[in-house]
Amino acid sequence: MKKNGYFITFEGPEGSGKSTQIRMLADALLKLGVRCLITREPGGTDFAEKLRALIKNYPGPETIHPETELLLIEAARAQHVAEKILPALAEGKVVLCDRFTDSSSAYQGAARGLGLEAVARLNAFATRGRLPDVTILLDLPPQRGFARTRKRQETQGEFDRFEVEDLEFHRQVRQAFLALAAAEPERFLVADADREQESVHQELLAKLTARQDFLRFQAERIGK
Ligand SMILES: Nc1ncnc2c1ncn2[C@@H]1O[C@H](COP(=O)(O)OP(=O)(O)O)[C@@H](O)[C@H]1O
Ligand SMILES: [Mg+2]
């Protein structure tokens with residue numbers, strides 16, 4: 001029988017708690033006997049991580065055009081999907097991915113103005129049409145995220161091409177994420193991230209493990 005894994009993506013602004021919630025969910029699923037592969041975008045493979053550094057941290061002097069940025073992100077995604085995500089899913093694993101196609105829609109499609117349709121076409125091409133089974137959106141007002149990541153910025157000090165964008169840019173990202181979630185309520189779990197991290201975690205764990213498709217995945221896994 002062909003194995004099929006379960007693909008979970010995490011979306012939301014910097015500081016919304018994606019990395020924190022991924023770790024907490026992976027720990028909780030391990031206790032249920034489910035091992036997870038944790039990965040991230042842009043990046044996730046050696047080559048794609050090299051593209052990530054260019055995409056996020058290129059300090060100038062050239063302007064990186066939105067089209068260039070999108071194509072580089074999709075190039076990194078194509079490599080990541082082919083090299084890491086699809087093989088892990090074929091082995092029946094749960095994959096937890098920090099950012100994925102919806103970030104391209106929100107950042108490049110909406111906030112950078114390239115349009116959702118163009119991004120959707122490239123997303124489909126780069127992923128070979130593999131959609132996430134569920135997408136967890138950690139919703140947070142941009143200022144709250146900034147307050148959480150300020151310390152990280154000060155200690156690491158690395159120039160980030162997205163973090164330097166203004167409040168209006170980040171407001172557009174947030175609205176785009178919420179609109180994507182509203183358009184696909186079956187795929188998205190939206191959580192208010194402006195709460196204590198344990199309470200966000202408990203809500204996500206409860207909602208995920210109540211999903212029919214997740215229960216089916218678990219039943220098939222145990223049946224093998
Ligand atoms: N619910 C929360 N409330 C307060 N602080 C949080 C919460 N979740 C995460 N943090 C803290 O905020 C910072 C950013 O969290 P992180 O998980 O790295 O977010 P992201 O990966 O989305 O950028 C970290 O210092 C983390 O400890
Ligand atoms: Mg993170």
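If you read the sequence from its start, that first residue is 1, and numbering goes on from there.
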Quiz prompt | Residue pair L167, Q143: steps toward the side-chain contact (heavy atoms from CB on, under 4.5 Å) verdict | solution = CA-CA 8 Å; L167 197 55; Q143 301 95 313; 4.0 Å; yes

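- With no hydrogens or angles considered, a side-chain donor-acceptor pair links E69 and Q108 at under 3.5 Å.
- Using modelled atom types, no side-chain atom of Q21 and backbone atom of F10 make a donor-acceptor pair closer than 3.5 Å.
- Under 4.0 Å is where a charged nitrogen must lie from a carboxylate oxygen, and between R216 and E220 no such pair does.
- Using a cut-off of 4.0 Å between Lys/Arg side-chain N and Asp/Glu carboxylate O, D46 and K50 are scored as salt-bridged.
- Side-chain N or O atoms of T209 include one that pairs as donor or acceptor with a backbone N or O of L205 at under 3.5 Å.
- A side-chain N or O of R77 and one of S104 form a donor-acceptor pair less than 3.5 Å apart.
- To the nearest 0.5 angstrom, L122 atom CG is 9.5 Å from L114 atom CG.
- Inter-residue side-chain proximity for I136 and E11 is flagged as unmet; no heavy-atom pair is nearer than 4.5 Å.
- The structure places OG1 of T68 at 11.0 Å from CD1 of I73, a figure rounded to the nearest 0.5 Å.
- The line from CG of L180 to CG of L116 is 6.5 Å long, rounded to the nearest 0.5 Å.
- The backbone N or O of A82 lies less than 3.5 Å from no partner atom in the side chain of R128, so there is not a single donor-acceptor pair.
- Looking only at atom types and distance, the side chain of D98 has a donor-acceptor partner in the side chain of S19 under 3.5 Å away.
- Side-chain atoms of R211 come within 3.5 Å of backbone atoms of E186 as a donor-acceptor pair (strictly under, hydrogens ignored).
- Contact detail for A48 and G44: the closest heavy-atom pair is CB-N, 4.5 Å.
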Practice problem: Would you check, one step at a time, whether the test side-chain contact (heavy atoms from CB on, under 4.5 Å) holds for L189 with V134? | Solution: CA-CA 7 Å; L189 291 181; V134 59; 3.8 Å; yes

Quiz item: Going through the checks in order, is the side-chain contact (heavy atoms from CB on, under 4.5 Å) test met by L25 and L204?
Solution: CA-CA 8 Å; L25 185 61; L204 294 178; 5.5 Å; no

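- N123 contributes a side-chain N or O that, together with a main-chain N or O of T101, makes up a donor-acceptor pair within less than 3.5 Å.
- At least one donor-acceptor pair closer than 3.5 Å links the side chain of T127 to the backbone N or O of G129.
- Counting non-hydrogen atoms of neighbouring residues, nucleotides and ligands closer than 6.0 angstrom, the CD atom of E158 reaches no more than 12 such neighbours.
- Put simply, the side chain of Y6 does not reach to within 4.5 Å of the side chain of V34, judged on heavy atoms.
- By the 4.5 Å heavy-atom criterion applied to side chains, L72 and L51 are counted as neighbours.
- Heavy atoms from other residues, nucleotides or ligands lying under 6.0 Å from CZ of F159 number more than 12.
- Residues L215 and L208 do not share a hydrophobic cluster, defined by chaining ILVMFWY side chains whose heavy atoms lie under 4.5 Å apart.
- Remark: H201 engages no residue in a ring pair (Phe, Tyr, Trp, His ring centres under 6.0 Å) (not counting sequence neighbours).
- Checked by atom type and distance alone, the side chain of R174 never pairs as donor or acceptor with a backbone atom of P13 at under 3.5 Å.
- A salt bridge does not link E41 to R52: none of the charged nitrogens lies less than 4.0 Å from a carboxylate oxygen.
- Salt-bridge annotation for E165 and R112: present, with a side-chain N of the basic residue lying under 4.0 Å from a carboxylate O of the acidic one.
- In this structure, the separation between CD1 on I64 and CD1 on I55 is 10.0 Å, given to the nearest 0.5 Å.
- Side-chain contact between T9 and R99 is absent, with no heavy-atom pair separated by less than 4.5 Å.
- Other residues, nucleotides and ligands contribute more than 12 heavy atoms inside 6.0 Å of the CD atom of E168.
- Using a 4.5 Å heavy-atom threshold, the side chains of L29 and F214 count as touching.
- Side-chain contact between L37 and V94 is absent, with no heavy atoms from C-beta onward closer than 4.5 Å.
- Under a cut-off of 6.0 angstrom, the local environment of CD in E198 is crowded, with over 12 non-hydrogen atoms contributed by other residues, nucleotides or ligands.
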Practice problem: List the steps, then state whether side-chain contact (heavy atoms from CB on, under 4.5 Å) holds for F177 with V190. | Solution: CA-CA 10 Å; F177 273 138; V190 183; over 6 Å; no

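- Linking ILVMFWY side-chain heavy atoms closer than 4.5 Å, directly or via other members, places L96 and L32 in a single hydrophobic cluster.
- Here E49 pairs with R40 in a salt bridge; the nearest charged N to carboxylate O distance falls below 4.0 Å.
- Salt-bridge annotation for E14 and K18: present, with a side-chain N of the basic residue lying under 4.0 Å from a carboxylate O of the acidic one.
- Put simply, CD1 on I8 and SG on C97 are 11.0 Å apart, with the number rounded to the nearest 0.5 Å.
- Rounded to the nearest 0.5 Å, atoms CD (E91) and CG (L86) are 11.5 Å apart.
- Residue-environment remark: CZ (R195) exceeds the threshold of 12 foreign heavy atoms within 6.0 Å.
- Listed by first and then second residue, the ring pair (Phe, Tyr, Trp, His ring centres under 6.0 Å) pairs involving residues 98-128 are F7-F100, Y107-F162 (not counting sequence neighbours).
- Looking only at side-chain heavy atoms (C-beta outward), H170 and F146 come within less than 4.5 Å of each other.
- Only one option out of T149, L137, L138 pairs with S16 in a side-chain contact (heavy atoms from CB on, under 4.5 Å); it is L138.
- Of the N and O atoms on the side chains of T45 and Q79, not one donor lies less than 3.5 Å from an acceptor on the other residue.
- Between D102 and R187 there is a salt bridge, since a side-chain N of the basic residue sits under 4.0 Å from a carboxylate O of the acidic one.
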